[in-house]
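Both backbone and side-chain heavy atoms feed into the values below; hydrogens, waters and symmetry mates do not. Proteins get letters first, then strands, A, B, ... in listed order; numbering begins at 1 in each.
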Amino acid sequence: MHNALWQQLTPSQRKAVFHIEGPLLVLAGPGSGKTRVITYRIAALIDSGVQPHNICAITFTNKAANEMHQRAIVLGASAEGPRFAGTQSHISTFHSLCVRILRWYADRAEINPNFSIYDETDQARCIKHAVKDCELDTTNFPPARMLDAISNRLKNNLIDVNKFKAIADDFFTQALCRIYDRYQSILAQQNALDFDDLLMKTACLLQNCPDVCGELSNRFKFLLIDEYQDTNRAQYVIAKAIVSQHNNICATGDPDQSIYRWRGADIRNIINFESDWPNAVVVKLEENFRSTPNILTVADSLIVHNQNRKEKRLVPTKQSGKDVVISAFENEAEESQAVAQQVEELTGEGVSLRDMAVFYRVNAQSRVLEEAFIQNKIPYQIVRGVEFYNRKEIRNLLAYLKAIVNPDDEIALLRIINTPARGIGKTTIDRVSAYAGLHKKSFFDALKKVQSIDSLSHAPKAKIAGFVNMLEGFKKDVAGKVAPLAERVFTESGLEKSLRESGPDGQDAIDNVKELISAAALYDQQTEQPSLVDYLQQIALFSDVDAYDTSSNRVALMTLHTAKGLEFENVFIVGVEEGLLPHERSSAGEKDEELEEERRLFFVGITRAKSALYISYARYRTIRGQLLRTIPSQFLFELGTVFDESTQKEQCYDYDDYNESNWQFDTGDLVRHKSFGLGRVKEFIDMGENSVVVVKFNSGQTKSLLLKYAGLSKVNI
DNA sequence: GCGAGTTATGTTTTT
DNA sequence: CATAACTCGC
């Protein structure tokens, strides 16, 4: 390795880079130069004679994979991106790797390699169907809940239907088991995998087929996994299998930045690393090269409030800078306005817009910020890539392409069979479905056999035949490049015509589709062997941050989750209020664990900032159309000296400031109860001295209280 | 079969 | 408040 590069590393970083063989755990705090270490490590491996294609690096997003790819090229390591040529290092997300493995070993995994990847919308359809098929009602078995249980409790923990059957002992669990079973068979019928299946099927393949496991372990002689604290059980099993022949695993992560427990990430993976690989070398990177001491002090005093945590220091290396600013505003509009004004002030000081970012807890918060930025004519970008793919016109065109690749994909077929309108309505579809069910055929096969469906009259038969012919015609081009086929489908399906005729909104839609087609053309150009299957499977794994355009000079707006792994000179974190951060849906749980995850999320946000950090909350916020008084986040009081009474008295909300003389309550009032604490009035039933107040408390529980006994007091502003 | 208009419903974070 | 599901009249 070049001496100049060597010079750039600290002793700990060098140790992490040059410990080549055997298991290595890099516990890397925020801003510790972790990404640099990983890319240098890839270069060092190749320097020491390892073949590039024997290296497999796993990142958290495609964006991170692409960046690592670029950096590795600069270092001369000639790594490839998510697409696999065979002679270069494999750098991708876990999900992309699984797609690759499942396509390689489709026969062994007993799946058709043309599988569709179902996103949450598709999943919701299937789970609703499954619940209905099990003759259970959706009130007692809410589809969203069922899906969450199946995804996070079962699939991510590699509990398949059979395993679950064996342990399901009460009525509810048995019902869930039936739903799970039905859901999986619906997916199988449609030759579709959901996000969890990608991991679970791969993990099972590696567990059940020792030869496949051995082959892959020989292929990937060195495995690097970034953000290891956010891996789940399935990913752990896959990693363990890949390194089974050599134990050359290098994991990097930070337990304090674990923010995906809610979707199955298991912090024990990183905690137990040393017992999983007893000869593991552990390197700690505690020096922080990113943020000023001012920012790190705030981050540190926040995160020490987590009980369930190993102590770890943030060691600043930068000079002191600006103090962290914490402000209160009257409402979210003023808060956003203040952000915009601060942006302008910074711009006046010569700061580029690309060096500023605004973080929030929920996507809905982006709207009011957007308004303020538009009003002040400040260029911005909302970092939300999947939004594009959720547009109706995009989903429609993609549904055509999916149906061409995988005719068993009933969701895609049903979406396009009458889009644009071609006179195939609900009755016709029901009749085809009935025929398919009766003759145990797939929906598409039934469509092909439309002439033998007696319940249909001549006209619908002809329309269906035309539709099938059109799809079959498209199929001839499935092997080649994607963009030309997409273009052809767009025109010949009639989608373009129908959009053209639907007024000015239609033109926007056409432009969006054109954008999709140019993106596909880029894919065709950048991929050695472009294919429609590969393209569809790739874009299904697209993440929000993948759309982040770092080349344009705009302020970035994104959720705290999306901000993970990024850094900015100037950071704004808005809406730091009880119910929002921590989010009410997380503090509603019994356990502190969810509150601690929210705290880690805030910690992640804070530690993205390099030189300036602005934290704010609004005293009033309109939530679902209701103007509500907010409570400042408990986290604000944990930030150390910054948010104390002497400096922030007028902005600081006083918890003891309430009076006891109020007997009239209104919906939305903030109240305090002796034992339940703070809460908000949901309903006031006025019956004189027997009045009942329904209160939703901060603990998450909702109580109906008799006013005269409750000892409720209204909390004043 | 189709679309407009109405009513119910459900609200975090994401690969 | 925003979207999905549903009804009704053509």
Side-chain angles (χ1 to χ4, degrees), chain A residues 58-65 82 92-99 117-121 123-125 128 138-139 142-145 148 151-152 155-156 193-200 227 230-232 234-235 258-265 359-368 383-387 389-390 392 417-431 457 459-460 463 502 537-546 558-564 575 579-589 594 597-598 600-602 604-605 622-627:
Chain A
I58 308 280
T59 56
F60 201 69
T61 61
N62 291 307
K63 177 94 178 168
S92 80
T93 64
F94 247 117
H95 285 82
S96 296
L97 175 69
C98 289
V99 167
I117 298 174
Y118 276 4
D119 65 15
E120 63 208 49
T121 320
Q123 283 179 293
R125 283 243 169 80
K128 267 182 204 162
T138 49
T139 344
R145 272 278 158 79
D148 183 65
S151 168
N152 295 325
K155 286 194 180 184
N156 283 333
L193 302 181
D194 64 19
F195 293 126
D196 308 309
D197 284 331
L198 295 174
L199 301 175
M200 185 168 77
E227 308 284 10
D230 279 323
T231 51
N232 64 27
Q235 290 165 327
S258 151
I259 54 174
Y260 283 101
R261 201 185 87 105
W262 54 272
R263 69 168 199 210
F359 305 153
Y360 37 80
R361 178 67 230 280
V362 301
N363 283 303
Q365 287 173 266
S366 68
R367 228 183 129 141
V368 59
V383 181
R384 192 131 202 258
V386 294
E387 211 174 50
Y389 290 93
N390 281 329
K392 207 163 53 177
I417 192 166
N418 201 34
T419 311
R422 50 173 72 88
I424 305 174
K426 194 174 178 301
T427 330
T428 310
I429 291 169
D430 285 346
R431 284 172 185 165
S457 58
K463 286 168 182 166
S502 67
Q537 291 175 352
Q538 297 247 351
I539 60 170
L541 301 176
F542 209 74
S543 72
D544 277 340
V545 75
D546 294 338
M558 68 190 87
T559 65
L560 285 159
H561 282 89
T562 306
K564 167 176 168 155
L580 213 46
L581 185 66
H583 196 275
E584 57 178 347
R585 300 275 294 207
S586 64
S587 47
E594 300 192 19
E597 176 146 310
E598 294 288 308
R600 290 194 292 268
L601 186 58
F602 193 22
V604 166
T622 307
I623 294 168
R624 293 194 283 279
Q626 251 196 330
L627 182 69

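Of the side-chain N and O atoms in A:Asn363, one or more sit less than 4.0 angstrom from OP1 or OP2 of B:dT13. Of the side-chain N and O atoms in A:Arg367, one or more sit less than 4.0 angstrom from OP1 or OP2 of C:dA2. Residue A:Thr93 places none of its side-chain N or O atoms closer than 4.0 Å to OP1 or OP2 of B:dT15.
Within the 4.5 Å cutoff, side-chain heavy atoms of A:Asp196 are placed close to those of A:Gln123.
Listed nucleotides: B:dT12, B:dG1, B:dT13. Nearest to the side chain of A:His561: B:dT13. Distance from the side chain of A:Phe195 is smallest to B:dT15 among B:dT13, B:dT15, B:dG1. Nearest to the side chain of A:Ala421, among B:dC2, B:dT14, B:dT15, sits B:dC2. Considering only the side chain of A:Val362, B:dT12 comes nearest among B:dT12, B:dT15, B:dG1. For A:Thr559, counting side-chain heavy atoms from C-beta on, the closest listed nucleotide (B:dT14, B:dT15, B:dG1) is B:dT14.
Taking for each of A:Lys463 and A:Val545 the nucleotide of DNA chain B with the nearest heavy atom, the 5'-most of the two is the partner of A:Lys463.
B:dT13 and C:dA4 are spaced 22 Å apart, taking the C1' atom of each and rounding to whole Å.
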Which pairs, protein N/O on one side and nucleotides 3-10 of chain C N/O on the other, fall under 3.5 Å?
{"residue": "C:dA5", "atom": "OP1", "partner": "A:Lys128", "partner atom": "NZ", "Å": "3.0"}

